Each structure stands twice: as C-alpha cells, then as structure tokens.
Amino acid sequence: MNKLMREFYERDAVTLANELLGKVLVHKSGAGITSGIIVETEAYVGPEDRAAHTWNNRKTSRTKIVFGAGGYAYVYMIYGKYYCFNVTANVVGVPECVLVRALEPLEGIEIMQARRKTQRLLSLCSGPGRLCSAMGITGELYGEDLCGGRLYILENEYPNMKAVASTRIGIDYAEEYREYLWRFSISGNKYVSRA
C-alpha cells in the first residue's frame, strides 16, 4: 500500500471526508506500529461552518494548523481528557479539516488493547477519543506532517465499500449546519461509532 501524498489532501473537506473511508491510518511509536481502516469521518468546512473551530475565520494557537496546507494532523483535547485526530484539508488559507471518528483495528491490536485497558475489539477504536487512545495519538502529534514517516495514511482497496452520509454528532449549537450530511461511514461496518 502506498502512502497518500499532499495532493490527495488538497481538496475540500467534504470530498476528503468521503475519500478517506477505507484508507489505513498508521502510527509508528516507541511502543510499536498500530494501524486501522478509517470507517467513519466528519467534514468541518470553516469559516462558514458554525460547527467548525475555524468558523468566522477564527484563528487561534489551537486552530492555526488548519489554516495551512492539507495533510497535517490537527490534534486537540475535548472535555479535558480525550484527544481528537483531524486531517487538515484543502490549501493554505482555506481552514477546513476532517475528524476521523472510528477505525477498524488492523495492526498492533495488543498494543491498542493495553493502551485502552480493554480486550473488546469492537469498541477499541469506535469513537474519536477511543481511537486516539488506542493509536497513541496525543497533543505531541499536533501539526505532524501526514506525508512523513511517523503518522500517515495509506491507500487501500476496501472491497464492495458503500459510503453512507448522515448528520454530524454533538453539534446541536451549530444552527442550520447541524442538518448537513457531512458525516460519512462505511455501510454495515461494525466498528462505526454510531449507526
């Protein structure tokens, strides 16, 4: 499998969110290699998207990476304890990203289970906080180049894949943007965080 290169990421977030389904996220760390098939994503289309951290062109020390080129890791913490992993999308000056919500575990499953302190395969990476914990993705990887050798995404052939679009999760505050079908998942995949 070949690594995805910059041009793959330099597209609008909605297209990228759909195209990332079935690809393989890999993290090489001191503990070993962990990987999983991306089975669920959400697009965040700032600055007009009220659910996006970059809504209204809001540029902060946290969101500055999203204003750069596509293909970098936007990692942030929620609720003071869970990390979320996002892929920056589009080109410099267009602040869009894709939240990776769930993975189907592939490689390094024992490492993931030890990190998560669970043997349950189905819930290992089913949710943004869970997948970051299992994959060892922390704030240290903020801004990591996904075209590099530590955290990256591989091309992959997912047989008979059918993508399903639905509304994003946990954005009731986003007015009309909560109704947009910008969450994508692989139909029938049992590792998706919510059906």
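Below, each value reflects all heavy atoms present in this structure, side chains not excepted, and no hydrogens, waters or symmetry copies. Not measured: the values here are computed from a predicted model.
- For the pair R62 and Y76, the distance from NZ or CZ to the six-membered ring centre is under 6.0 Å and the angle to the ring normal is within 45 degrees.
- With respect to E144 and R150, a salt bridge is recorded, a charged nitrogen being found less than 4.0 Å from a carboxylate O.
- W55 shares a hydrophobic cluster with no other residue; no ILVMFWY side chain has heavy atoms under 4.5 Å from its own.
- With hydrogens and angles ignored, the 3.5 Å screen pairs no side-chain donor or acceptor of R101 with any backbone N or O of S185.
- No donor-acceptor distance shorter than 3.5 angstrom exists from the side chain of T54 to the backbone of P47, with no hydrogens or angles considered.
- Because its NZ or CZ atom is both nearer than 6.0 Å to the ring centre of F8 and within 45° of the ring axis, R11 counts as a cation-pi partner of that residue.
- Residues Y44 and E42 have side chains that bring a donor and an acceptor to within less than 3.5 angstrom of each other.
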Query raised in the report: Passes side-chain hydrogen bond (donor to acceptor under 3.5 Å, both in side chains), N189 versus Y158? Steps please.
Result: CA-CA 11 Å; N189 187 282; Y158 192 100; 3.0 Å; yes
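- Counting heavy-atom neighbours within 6.0 Å of E157 CD, excluding the residue itself, gives a total of 12 or less.
- Pairs of residues two or more places apart, or lying in two chains, never qualify as salt bridge (charged side-chain N to carboxylate O under 4.0 Å, His left out) while including a residue from residues 114-127.
- In this structure, the side chain of T63 engages the main chain of T60 through a donor-acceptor pair within 3.5 Å.
- Rounding to the nearest 0.5 Å places OG of S166 at 16.0 Å from OH of Y180.
- In summary, the aromatic rings of Y83 and F85 are positioned with their centroids too far apart to meet the 6.0 Å limit.
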Report task. Run the numbers on Y152 and H27 for side-chain hydrogen bond (donor to acceptor under 3.5 Å, both in side chains), then give the verdict. Result -> CA-CA 7 Å; Y152 53 89; H27 182 206; over 6 Å; no
